[in-house]
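For reference, the structure is listed below as structure tokens.
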Amino acid sequence: MAMNVGSSGEDDLMMEINTTPLIDVMLVMLIMLIITIPIQTHAVKLDMPQNTPAKPLAKPVVVQIDIAPDNAVMWNGERLPNREALETRLSAAGKADPQPELHIKPNKDASYAPVAMVLAESQRLGLTKLGIVGSEQFLQ
């Protein structure tokens, strides 16, 4: 509390508010709130689905397609005579379940045209598991 000691006879209004009782009330209410909240110890029962795979995963067959330096296409080491032979084999591979993985390995001396042809035919016939292997030979 403030006391005005002065010669003037007017009572000055105190413009400050005492916040100590307000803080005490707030702390008491906070403690009562903490005491009255029940402790969350109950569990919720959920029926979770069981893991039952439809069929075991089998490793796909790997088909190695090599592009020779003379731009010849080889299927697992067997030289293909023409584009139609490649198309026939790719079509059969696209219909297989599961589809085989195609590992395309071009020689660094081969031109780009046969590699692009193999990639385009594979995409056109619906093959999705393609990979170009042996790219470390292109590093200098």
Side-chain angles (χ1 to χ4, degrees):
M1 305 244 320
M3 186 172 168
N4 189 5
V5 181
S7 62
S8 69
E10 292 182 30
D11 290 333
D12 288 335
L13 295 175
M14 185 171 29
M15 300 302 286
E16 301 167 355
I17 186 167
N18 190 1
T19 58
T20 304
L22 294 175
I23 294 172
D24 290 344
V25 169
M26 183 191 68
L27 289 174
V28 169
M29 291 179 69
L30 182 64
I31 292 171
M32 290 184 68
L33 180 69
I34 291 172
I35 292 172
T36 57
I37 292 177
I39 298 174
Q40 301 289 329
T41 57
H42 65 280
V44 177
K45 302 280 184 186
L46 293 177
D47 293 329
M48 300 298 289
Q50 299 297 322
N51 185 11
T52 54
K55 61 180 180 177
L57 298 175
K59 287 190 173 185
V61 177
V62 175
V63 174
Q64 181 76 30
I65 298 178
D66 295 319
I67 310 295
D70 61 347
N71 295 332
V73 179
M74 300 167 82
W75 183 279
N76 285 336
E78 179 187 340
R79 188 180 193 101
L80 298 178
N82 53 18
R83 185 176 182 159
E84 287 77 24
L86 173 68
E87 188 174 322
T88 304
R89 293 204 182 183
L90 287 175
S91 177
K95 294 174 184 171
D97 186 36
Q99 282 188 356
E101 289 183 4
L102 296 181
H103 291 186
I104 302 169
K105 185 175 182 181
N107 190 296
K108 71 177 185 175
D109 296 328
S111 65
Y112 181 72
V115 178
M117 185 254 317
V118 169
L119 291 174
E121 289 294 323
S122 301
Q123 181 183 15
R124 185 179 66 81
L125 295 171
L127 290 159
T128 57
K129 298 178 182 179
L130 298 172
I132 296 180
V133 296
S135 59
E136 62 274 356
Q137 65 181 331
F138 297 105
L139 297 176
Q140 305 222 6

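These values consider heavy atoms only, across backbone and side chains, with no hydrogens, waters or symmetry-generated copies.
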Just by distance, do the side chain of [X] and the backbone of [Y] share a donor-acceptor pair under 3.5 Å?
X: Thr36; Y: Leu33; value: yes
X: Gln64; Y: Gly77; value: no
X: Asn76; Y: Ile65; value: no
X: Gln123; Y: Thr128; value: no

task: May I ask you to say whether Asp66 pairs ionically with Arg79, meaning some side-chain N is under 4.0 Å from a carboxylate O?
output: no
- prompt: So, Arg89 and Glu78, do they make that salt bridge, N to O below 4.0 Å?
  reply: yes
Where Pro100 and Ala93 come nearest, the two heavy atoms and their spacing: CD-O, 3.3 Å
What's the separation between atom [atom1] in [X] and atom [atom2] in [Y], rounded to the nearest 0.5 Å?
X: Ile31; Y: Met26; atom1: CD1; atom2: CE; answer: 10.0 Å
X: Leu22; Y: Leu27; atom1: CG; atom2: CG; answer: 11.0 Å
X: Leu119; Y: Arg124; atom1: CG; atom2: CZ; answer: 13.5 Å
X: Ile23; Y: Leu30; atom1: CD1; atom2: CG; answer: 13.0 Å
X: Ser122; Y: Glu87; atom1: OG; atom2: CD; answer: 10.5 Å

Does any part of the side chain of [Y], heavy atoms only, come nearer than 4.5 Å to the side chain of [X], both counted from C-beta?
X: Ser91; Y: Lys95; value: yes
X: Pro21; Y: Val25; value: no
X: Val73; Y: Met117; value: yes
X: Ile67; Y: Met74; value: no
X: Leu102; Y: Leu90; value: yes
X: Pro106; Y: Ile132; value: yes

message: Does Lys105 have more than 12 heavy atoms from other residues, nucleotides or ligands lying within 6.0 Å of its NZ?
response: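 Not buried by this count: 12 neighbours or fewer within 6.0 Å.
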- prompt: When clusters are formed by joining ILVMFWY residues with side-chain heavy atoms under 4.5 Å apart, either directly or through shared neighbours, do Val133 and Trp75 land in the same one?
  reply: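 As far as the 4.5 Å side-chain criterion goes, Trp75 and Val133 are not connected within one cluster.
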